[in-house]
Amino acid sequence: MARMHTRRRGSSDSDKPVADEPPEWSDVDAEAVEERVVELAEQGHSPSEIGLKLRDEGVQGTPVPDVTLATDKKITEILEEHDAEPDLPEDLRNLMERAVGLREHMDENPNDHQNKRALQNTESKIRRLVDYYRGDELDTDFTYSYDTAKELL
């Protein structure tokens, strides 16, 4: 999404090292990892927060550098299997949070034209994502509005 609303080029990303099995020092049982993923999801953590927690805190004291290598499944796949997936996809939720914050800022500062444009861009991204997810992760009749975003968050 680096170039969506600007003329600038996106910054280059660093790639993860290629690996097809977890390192020897992280020999955590796949089932233990899955249990911890579901446990963290039930505490209200998003998939990316779960990955960070497993990397930093680990399972039974052993860090898990990559859930996909440890379990052969992505965090979102594990959550779907255990019916613990969030009601909104994470990327859409983050954009909606940003839009709600910008809208509240605009109500207090109506002459902030820079943020008015930021709000328009953010809502455009949300509408694009809603089209992408509609029928699959969202209801077929779901439409984005500030009120629905405020309600969902």
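Position 1 is the first residue of the sequence; numbering continues from there. This structure is a prediction, so every number in the text was calculated from the model and none was measured.
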Could you measure the distance from the [atom1] atom of [X] to the [atom2] atom of [Y]? Nearest 0.5 Å is fine.
X: Arg117; Y: His5; atom1: CZ; atom2: NE2; value: 7.5 Å
X: Asp66; Y: Leu54; atom1: CG; atom2: CG; value: 10.5 Å
X: Met106; Y: Lys116; atom1: CE; atom2: NZ; value: 6.5 Å
X: Glu49; Y: Ile75; atom1: CD; atom2: CD1; value: 10.5 Å
X: Asn121; Y: Lys125; atom1: CG; atom2: NZ; value: 6.5 Å
X: Gln43; Y: Ile50; atom1: CD; atom2: CD1; value: 9.0 Å

Of all the heavy-atom pairs spanning [X] and [Y], show the shortest one and how long it is.
X: Val33; Y: Ala70; result: CG2-CB, 4.5 Å
X: Asp107; Y: Pro110; result: O-CD, 4.2 Å
X: Arg36; Y: Gly58; result: NE-O, 4.1 Å
X: Val100; Y: Tyr146; result: CA-CE1, 4.0 Å

Pair Lys150 + Glu104, salt bridge at N-O below 4.0 Å
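Yes, this pair counts.
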
Go through the steps for Glu34 and Thr71 under the test side-chain contact (heavy atoms from CB on, under 4.5 Å), then give the verdict.
CA-CA 8 Å; Glu34 286 193 33; Thr71 63; 4.2 Å; yes

So does [X] have more than 12 non-hydrogen atoms from other groups sitting under 6.0 Å from [atom1]?
X: Phe142; atom1: CZ; value: yes
X: Arg103; atom1: CZ; value: yes
X: Gln60; atom1: CD; value: no

Note, [X] side chain near [Y] side chain (heavy atom, < 4.5 Å):
X: Pro47; Y: Leu79; result: yes
X: Val59; Y: Glu35; result: no
X: Val38; Y: Glu42; result: yes
X: Tyr144; Y: Met96; result: yes
X: Thr122; Y: Ile126; result: yes
X: Leu138; Y: Leu92; result: yes
X: Pro65; Y: Ser26; result: yes
X: Arg134; Y: Thr143; result: yes

Walk me through it: do Glu90 and Ser48 pass the test side-chain contact (heavy atoms from CB on, under 4.5 Å)?
CA-CA 8 Å; Glu90 187 180 3; Ser48 57; 2.4 Å; yes

Name of the residue among Glu80, Glu81, Glu31 meeting salt bridge (charged side-chain N to carboxylate O under 4.0 Å, His left out) with Lys73
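So the option named by the test is Glu81.
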
Does one hydrophobic cluster hold both Val130 and Leu95, with members joined at side-chain heavy-atom distances below 4.5 Å?
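Looking at the clustering, Leu95 is in the same group as Val130.
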
Same hydrophobic cluster for Leu153 and Leu119, using side-chain heavy-atom links shorter than 4.5 Å among ILVMFWY?
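No; Leu119 is not reachable from Leu153 via cluster members.
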
Step by step, work out the side-chain contact (heavy atoms from CB on, under 4.5 Å) result for Glu77 and Thr68.
CA-CA 10 Å; Glu77 290 172 354; Thr68 310; over 6 Å; no

Check: Asp141 main-chain N/O paired with Asp139 side-chain donor or acceptor under 3.5 Å:
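Not confirmed, Asp139 side chain does not pair with Asp141 backbone.
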
Can a donor-acceptor pair be found between the side chains of [X] and [Y] at a distance below 3.5 Å?
X: Asn115; Y: Asp112; answer: yes
X: Asp91; Y: Tyr133; answer: yes
X: Glu85; Y: Thr76; answer: no

